[in-house]
Structures are given as C-alpha cells and as structure tokens.
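Each remark here refers to the structure printed beneath this line.
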Amino acid sequence: MILLLFVLHRDAWGRRCTQIVAIDALTFPSYPSQFRPGLIRRELNKSYCGLLAPPPPPLSDSGEATAASWLPAVATGNWGCGAFGGDLRLKALIQLMSAAEASRDVLYLTFGEKQLCRELAAFCLFLTQSQLTVGDVWKSIQTYTDIRSKSARITENILEFLMSTCPKI
C-alpha cells in the first residue's frame, strides 16, 4: 500500500511540497495471527519509520521557515487490509499510533467503510478527551491480544475494547 504524504505548502518554484512513501504490509495466513504482539510491534515500528520525518532545516536568511521545514500531514487508508488480510481497525490503530509518535497529522481515508469511519471518529474523540498516550494504548493492546490468544470468543473489536478498558484521565 502506498501512503501519500502531502502538504499544501509550495516551494520557491510553486510546486507542492510532497512526499510519497511506500510501506509494505505483512500478509496474514489467518485472521487471528495478526494479533500476536510481536507482529503488531513489527507493523507499528515499520509504520513509524515510514512516517518519521528528518529534522527541520534551519530558518532561511529572512528568519522564516522554508517550505521544506513544514511537516506534511499523512493521507493514508486501509493499509495492509484487503488482499493482505489485515484487520481494518487494528491497522488504522497502528497508523494512528505511529503518526502520533512521529508528530504527524493524519487524513484517514476509509474507502467507503462507513462503520469504520464512525468508529475511528469516536475513537479519536475518546483519545483526545482521555489524554491517553501511545504507551497507554500499547498496554491496552497487549491486554487485548492476551485475551484473544486465550479465548477466540472475544466479541469486541479492538477499538471497542480499548474504549472500554483504557484508563481515563
């Protein structure tokens, strides 16, 4: 899946300042296999590395930041889903976590998945209101994967689980 990173700022020649980053995704032989903590960590690290930007350049002679110093937002979507078999909610969560750690804004495109759109909006509002850190979310993901590994009968998706169990500040 290709992640298009964009910003509407323009360089001295009037070109949009853009970046395109391609990040491969794992193919999962079975749906439950993607919830193993080691694989989630691998995907989280891979996504983070792809979204991590170099440090901003120094200010121009006029004292203003150059166009290259703007940190572009990330336009992404259902990376690793579809043919790769990834869980829509887990993959969205991985991208949101890595973007937060990389200090990147996100435009998440759900490609017609209206329920996912509603769930992600509710989850982002929950995260904002509860002031959870990426570390807090990671701990709750580990709890979720532990429960999933012991019982295939878990009925909540990962976002529902996190909203019901993450500590609220």
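What you see below is based on every heavy atom in this structure, not just the backbone, and it leaves out hydrogens, waters and symmetry mates.
- In this structure, Glu101 contributes its side chain and Ser98 its backbone to no donor-acceptor pair below 3.5 Å.
- There is a path of hydrophobic side-chain contacts, each under 4.5 Å, that joins Leu107 to Phe111.
- Without hydrogens or angle criteria, Gln34 side chain to Lys91 main chain gives no donor-acceptor distance under 3.5 Å.
- Rounding to the nearest 0.5 angstrom, the gap separating the CG atom in Leu52 from the CG atom in Asn45 is 11.5 Å.
- For Tyr144, the side-chain hydrogen bond (donor to acceptor under 3.5 Å, both in side chains) partners two or more places apart in sequence, or in a different chain, are Arg148.
- In terms of hydrophobic clustering, with Ile, Leu, Val, Met, Phe, Trp and Tyr side chains grouped at heavy-atom distances under 4.5 Å, Ile141 and Met163 are assigned to a common cluster.
- Here the closest non-hydrogen pair linking Leu51 and Ala102 is O-CB, 3.8 Å.
- Between Leu116 and Arg89, the closest side-chain pair of non-hydrogen atoms falls below 4.5 Å.
- Both Leu162 and Val134 belong to a single network of hydrophobic side chains, linked directly or stepwise wherever heavy atoms of I, L, V, M, F, W or Y lie under 4.5 Å apart.
- A pairwise comparison of heavy atoms in Thr165 and Phe161 identifies OG1-O, 2.8 Å as the closest pair.
- For the pair Trp79 (side chain) and Ile23 (backbone), a donor-acceptor distance under 3.5 Å is present.
- In this structure a side-chain-to-backbone donor-acceptor pair under 3.5 Å is present from Asn78 to Thr110.
- Not a single donor-acceptor pair under 3.5 Å links the side chain of Ser140 to the backbone N or O of Val137.
- Checked by atom type and distance alone, the side chain of Asp136 pairs as donor or acceptor with a backbone atom of Thr133 at under 3.5 Å.
- The number of heavy-atom neighbours closer than 6.0 Å to NZ of Lys139, taken from other residues, nucleotides and ligands shown, is 12 or below.
- Of all the heavy atoms in Gly77 and Tyr108, the pair that sits closest is O-OH, 2.9 Å.
- Ser47 and Gln95 form no side-chain donor-acceptor contact under 3.5 Å, judged by distance and modelled atom types alone.
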Can you check side chain to side chain contact (heavy atoms under 4.5 Å, CB included) on Leu120 and Leu159, steps first, answer last? CA-CA 8 Å; Leu120 286 176; Leu159 299 179; 3.8 Å; yes
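- A search for side-chain hydrogen bond (donor to acceptor under 3.5 Å, both in side chains) contacts involving Gln115 returns Arg118, Glu119, not counting sequence neighbours.
- Taking CG of Asp24 as the reference point, atom CZ of Phe84 lies at 7.5 Å (rounded to 0.5 Å).
- Shortest non-hydrogen contact noted between Gly50 and Val21 is O-CG1, 3.7 Å.
- Residues Thr143 and Asp146 have side chains that never bring a donor and an acceptor to within less than 3.5 angstrom of each other.
- Put simply, CZ on Phe126 and SG on Cys124 are 11.5 Å apart, with the number rounded to the nearest 0.5 Å.
- Put simply, Val106 and Ile158 are part of the same group of oily side chains (I, L, V, M, F, W, Y) that touch within less than 4.5 Å, one to the next.
- Between the SG atom in Cys117 and the CG atom in Leu88 there is a gap of 12.0 Å [rounded to 0.5 Å].
- At least one side-chain heavy atom of Trp138 sits under 4.5 Å from a side-chain heavy atom of Arg41.
- How far CD of Glu43 is from CG of Leu90: 8.5 Å, rounded to the nearest 0.5 Å.
- Leu39 CG to Leu44 CG: the interatomic distance, rounded to the nearest 0.5 Å, is 12.5 Å.
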